[in-house]
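All values derive from a computational prediction rather than experimental measurement. All chains are named by letter (A, B, ...) in the order of the sequence lines, taking the proteins before the strands, and each is independently numbered beginning at 1.
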Amino acid sequence: MYMGRVVGSIEASQKDESLVGRKLMIVQQVNSDGEALKQEVVAADTVGAGIGEYVLLVRGAGARKTQRDNRGQHDVLDCAIVGIIDRFNK
Amino acid sequence: MYMGRVVGSIEASQKDESLVGRKLMIVQQVNSDGEALKQEVVAADTVGAGIGEYVLLVRGAGARKTQRDNRGQHDVLDCAIVGIIDRFNK
Amino acid sequence: MYMGRVVGSIEASQKDESLVGRKLMIVQQVNSDGEALKQEVVAADTVGAGIGEYVLLVRGAGARKTQRDNRGQHDVLDCAIVGIIDRFNK
Amino acid sequence: MYMGRVVGSIEASQKDESLVGRKLMIVQQVNSDGEALKQEVVAADTVGAGIGEYVLLVRGAGARKTQRDNRGQHDVLDCAIVGIIDRFNK
Amino acid sequence: MYMGRVVGSIEASQKDESLVGRKLMIVQQVNSDGEALKQEVVAADTVGAGIGEYVLLVRGAGARKTQRDNRGQHDVLDCAIVGIIDRFNK
């Protein structure tokens, strides 16, 4: 998994059916000291994360295996927010 | 998922059967401020995206799971355009 | 697999059910001479690794295939610590 | 998918059985203006690509799903040439 | 697949059961001119590769699909050496 910070969201009226009704958040990848990494990703929010929060990201097939938001065979999703980070213990 | 901008397309007369009839677009990966990242990818368009538009990209097995363009077991696809981005909310 | 060093852990009260009860460690990726690479990841610990230890990381579907911590179909995990490195032989 | 240029091939007498009889080409990844990216990969050719040609690369499970060269359950392949690029339209 | 050079091995007394009995080699990724890339990986050897040899690496699910070393459902492996490179033809 990866650490990120939610920096915004995406609006897309034309999209695959499996993305309809999902909140598509723009997430800046970060390290545990908050340093921003180069790449941003778009992730479906499954835990109610808000702008500015630090989150856990899952990539690949794992993103299609959440309990709350499972869409079966025709799901294109490859990135999901699966946790809100309360604290980095270091 | 990743953000990108469609910058062109590919012509390939010799290709795997699962790619026949698909529009293969050259997509420049970008961040939400439009900054271009280093790598371009080739993605099958599933939503009618045009040159210059900002799009959502899916990679890996997810690219083979769209509703509209599903080719069953023998599909080599590993990257698809699954949405047209109307707006970045930041 | 990748080499890493455990540098901390994550607290996340709100998270996917498949992550409940798992120790989520912050791991700095390293090379075999201990040189830190740019990216940190968050990995579920399956072998009892402690802070400061060098570990083996698995990514992707492999992270969902451990003997000890298998959660079936609805597991979002995409990164796990699957070994503690005692020695680099070079 | 990725764009590449075939720059050579690999000889390997000792290799996994699923690689026997396959042409293993060295491919330099490129952008659509022909700019070489840092990494080379080794890809199984499934379309008769020659040295110097621009090609389409598939990575991951997709590389094991071609029509012409399908080896069933025990196939280690994770990269294949699935098209010859005639033209970049930009 | 990727090209690499075996530079050492890992000892790990505590590890997932699917890794027991496997030779876990440290592999430096290289290009076809031998130039070292930034990242090292740890790969299970399936072809008897020795220190200093150039090898073919497979990543992801492909690493769990070799003929010789197949461990069924509970295999965490995500990287394997699947060939010894005798010659780069360029």
Self-check item: CG-CD distance between C:L56 and E:Q14, expressed to the nearest 0.5 angstrom
Solution: 12.0 Å
Exercise. Under 4.5 Å, counting heavy-atom pairs only, tell me which of E:V76, E:L77, E:L24 racks up the most with chain C.
Key: E:V76
Quiz item: Counting N and O atoms only, with roles assigned by atom type, does the side chain of E:D78 sit under 3.5 Å from a partner on the main chain of C:V58, one being a donor and the other an acceptor?
Solution: no
Self-check item: Minimal non-hydrogen separation, E:R64 against C:A61, with atom names
Solution: NH2-CB, 3.6 Å
Practice problem: Write down the atom of C:Y2, the atom of E:E40, and the distance for their closest heavy-atom approach. | Solution: CD2-O, 4.5 Å
Quiz item: Is it the backbone or the side chain of E:Q28 that comes under 4.5 Å from a heavy atom of chain C, or both, or neither?
Solution: neither
Practice problem: Taking all heavy atoms of C:K90 and all of E:I26, pick out the closest pair and write down the distance. | Solution: CG-CD1, 4.3 Å
Exercise. Apply side-chain contact (heavy atoms from CB on, under 4.5 Å) to the pair C:R87 and E:I10, showing each step before the final yes or no.
Key: CA-CA 6 Å; C:R87 223 179 114 99; E:I10 286 289; over 6 Å; no
Quiz item: Are C:Q29 and E:Q39 close enough, and set up right, to give a side-chain contact (heavy atoms from CB on, under 4.5 Å), and what steps lead you there?
Solution: CA-CA 10 Å; C:Q29 286 192 250; E:Q39 199 166 32; 3.3 Å; yes
Quiz item: Quick one: what part of E:S13 sits under 4.5 Å from any heavy atom of chain C, side chain, backbone, both or neither?
Solution: both
Exercise. Could you tell me whether the side chains of C:N89 and E:E11 share a donor-acceptor contact shorter than 3.5 Å?
Key: yes
Exercise. Identify which part of C:I85 has an atom lying under 4.5 Å from any heavy atom of chain E, answering side chain, backbone, both or neither.
Key: both
Practice problem: Applying side-chain contact (heavy atoms from CB on, under 4.5 Å), run through E:V41 and C:M3 and close with a yes or a no. | Solution: CA-CA 7 Å; E:V41 297; C:M3 294 164 277; over 6 Å; no
Quiz item: Going by atom types alone, do E:D16 and C:T66 pair a side-chain donor with an acceptor below 3.5 Å?
Solution: no
Practice problem: Go through the atoms of C:I84 and report whether side chain, backbone, both or neither lie under 4.5 Å from a heavy atom of chain E. | Solution: both
Practice problem: Report yes if some heavy atom in the side chain of E:K15 is under 4.5 Å from a heavy atom in the side chain of C:V47; otherwise report no. | Solution: no
Quiz item: In this structure, are over 12 heavy atoms from other groups packed under 6.0 Å from E:Q73 atom CD?
Solution: no
Self-check item: Side-chain heavy-atom pair C:M1, E:R59 within 4.5 angstrom cut-off
Solution: no
